**Q** 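First the structure, then my questions, so here it is.
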Amino acid sequence: MVQTINNRSHHVGDLYEKQWGGDDPLADIIQRYSQQRQPIILRHELLRSDYVPHSLPHRTAQIRNVAGVLATVLRSVKPSNIFLYGKTGTGKTAVCRYVLNRLSSEVVDRGVNVRFVYVNCRLAGTEYRVLAELCLAAGVSVPFTGLSKGELFRRFQNACWRLGLSFVVCLDEVDVLVRDFGDDLLYELTRSSNEHCWISLIGISNDLMFKEQLDPRVLSSLSEEEVVFPPYTATEIADILLDRAAQALRPESIGDDVIRLVAALAASEHGDARRAIDLLRVAAEVAEREGAERIEEQHVRKAQSLIERGRVKEVVLSLPLHSRLVLLAIYSCARKGLETTSGTIYNVYREFCSSIGSEPLTDRRVSTLVSELDMLGIIATELVSYGRHGRTRKIKPTIPSSEITEIIAKDDTLSTLLS
DNA sequence: CCTCCACCGGAACTTACGGAGT
DNA sequence: ACTCCGTAAGTTCCGGTGGAGG
């Protein structure tokens, strides 16, 4: 049906042309709309978070550091293991992939028998799948389940020895792997090198505390070299955005002042460049949808609340039943103007529990649930003392209660509590 | 200055559950 | 089918505390 209409659309246009004698009342609207539909985003892929840019402003020092350590591969010598750390969105992954890309083309030109592998441990999920990635890179095809980890590792090593292959393996978000499965795999990898076939590791982590979970032997071997990635400042983020916008967006579609606004909003968080680029992309999409010529401040503001809403929704939807009940208790107390202290909230929470026929948790447990909600940023707590009347936490909602109720209302068991 | 409220938050323990190994 | 193990959620117990009111 749709197909038919599309196929004949221009004929229909001709028909109207005749019928209205060039005076089609929709013509100018359609035309104006299609004129305005000049896209703002010319190259979507450049604004995606997994894109590796050709230039990385304000990361030359880190690039030189990493490349300096890895450069020995060009002489077939095993580089030291490197550990990269810094908060999210500070360019660790981008720098690493950038250097790896560059070196791997050099290596191919020089005929050195080294391969570069990049694995994101969080996306891979298990030790088995990380090993499977390595096997794949060594040209060994392995079933995606069924073998033991030891067998996988043996096959990988056999392939390396047979082909005289060496590897530079980048384990991104390696902290996740260690948290979930321990450091056994890292230990195996760090000690499996010999004269001709070696494995160099690049560990990337945004959790600094992670180092404490490592076996001292693994730690000392993994962090032979360390490169720190400090958060970007607002002006640095602005540079990055300017650079990216120039390539991805139609020229003239965004002004410097708007870019600086995006940068300032993103930098006020943690200097996270990924967030900044997300914000830019969403703002551009908003502007496009509204048929605007340029991205203006209002589009950025809208984009920000859009992103924030998405985040809140995701968080609330992932909450288990009792956390939701606690959250609901907090927001309904706040709406009724009751004192939002732990005691009152716990009582309201108990009422909610009994009205949906669920056993309430203890006050101690609820106390940690409140702390967790605080950590997630959907409420804010403050320790206060009322002297003789004790000490408690004052709990404040941080997002409009309408948003919370809107999300909770979709839940059948909880919607009855909204009143 | 001392008391004592109403809760905070650490620690140890229990329970439930989903794999892994056999 | 069975045990074993690790983990997450939750409970019990309890020591700790800032400051209004005595």
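Order of the sequence lines sets the chain letters (A, B, ...), proteins ahead of strands, with each chain counted from 1. These numbers come from a predicted model, not from an experiment.
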**Q** Rounding to an integer number of Å, can you tell me how far A:E382 CD sits from B:dC7 P?
**A** 16 Å
**Q** Should A:E403 and A:K313 count as an ion pair when the cut-off is N to O under 4.0 Å?
**A** no
**Q** Take atom CZ of A:R388 and atom C1' of C:dG22, then tell me their distance rounded to the nearest Å.
**A**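 After rounding, the reported distance stands at 6 Å.
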**Q** Closest nucleotide of DNA chain B for A:R393 versus for A:G387: which of these residues is on the 5' side?
**A**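 Taking each residue's closest nucleotide, the earlier one in sequence belongs to A:G387.
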**Q** Assess whether one donor atom and one acceptor atom, taken from the side chain of A:S385 and the base of C:dG19, lie less than 3.5 Å apart.
**A**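 Checked by distance alone, the answer is no.
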**Q** What distance separates A:L46 CG from A:I277 CD1, expressed to the nearest 0.5 Å?
**A**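 Going from CG on A:L46 over to CD1 on A:I277, the span is 10.0 Å.
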**Q** Using atom types as modelled and distance alone, determine if a side-chain donor or acceptor of A:K92 lies under 3.5 Å from a backbone N or O of A:K87.
**A** yes
**Q** Considering heavy-atom distances to DNA chain C, does A:E372 or A:D363 have its closest nucleotide positioned more toward the 5' end?
**A**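 Closer to the 5' end of DNA chain C: A:E372.
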**Q** Between B:dC8 atom P and A:D374 atom CG, what is the distance in whole Å?
**A**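 After rounding, the gap between these two atoms is 12 Å.
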**Q** Take the protein atom CZ of A:R391 and the nucleotide atom C1' of C:dG15, then report the distance between them rounded to whole Å.
**A** 13 Å
**Q** Measure from CG on A:L369 to P on B:dC8 and round the result to the nearest Å.
**A**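 Rounded to whole Å, this separation is 12 Å.
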**Q** Taking NZ from A:K394 and P from C:dG18, how many angstroms apart are they, rounded to a whole number?
**A** 18 Å
**Q** Strictly under 6.0 Å, is that where the ring centroids of A:Y118 and A:F116 end up?
**A**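 No, the ring centres sit 6.0 Å or more apart.
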**Q** With the side chain of A:S367 defined as its heavy atoms from C-beta on, choose the nearest nucleotide among C:dG10, B:dC8, C:dT12.
**A**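 Taking heavy atoms from C-beta onward, the closest nucleotide is B:dC8.
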**Q** Report the nucleotide, chosen from C:dG18, C:dG10, B:dG9, that has the shortest atom-to-atom distance to any side-chain atom of A:R364.
**A**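 Nearest to the side-chain atoms of A:R364, counting from C-beta on, is B:dG9.
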**Q** Using a cut-off of less than 4.0 Å, is there contact between a side-chain N or O of A:S342 and OP1 or OP2 of B:dC7?
**A**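 For A:S342, the contact criterion (side-chain N or O under 4.0 Å from OP1 or OP2 of B:dC7) is not met.
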**Q** Whole angstrom is fine here: how far is it from CZ in A:R365 over to P in B:dA11?
**A**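 So the two atoms are 16 Å apart, to the nearest Å.
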**Q** Among the candidates C:dA9, C:dG19, B:dC8, find the nucleotide nearest to the side-chain atoms of A:L383.
**A** B:dC8
**Q** Between A:D50 and A:R48, does at least one N-O distance fall below 4.0 Å, as a salt bridge requires?
**A** yes
**Q** Which whole-number value in Å describes the distance from A:Y346 OH to C:dG10 C1'?
**A** 12 Å
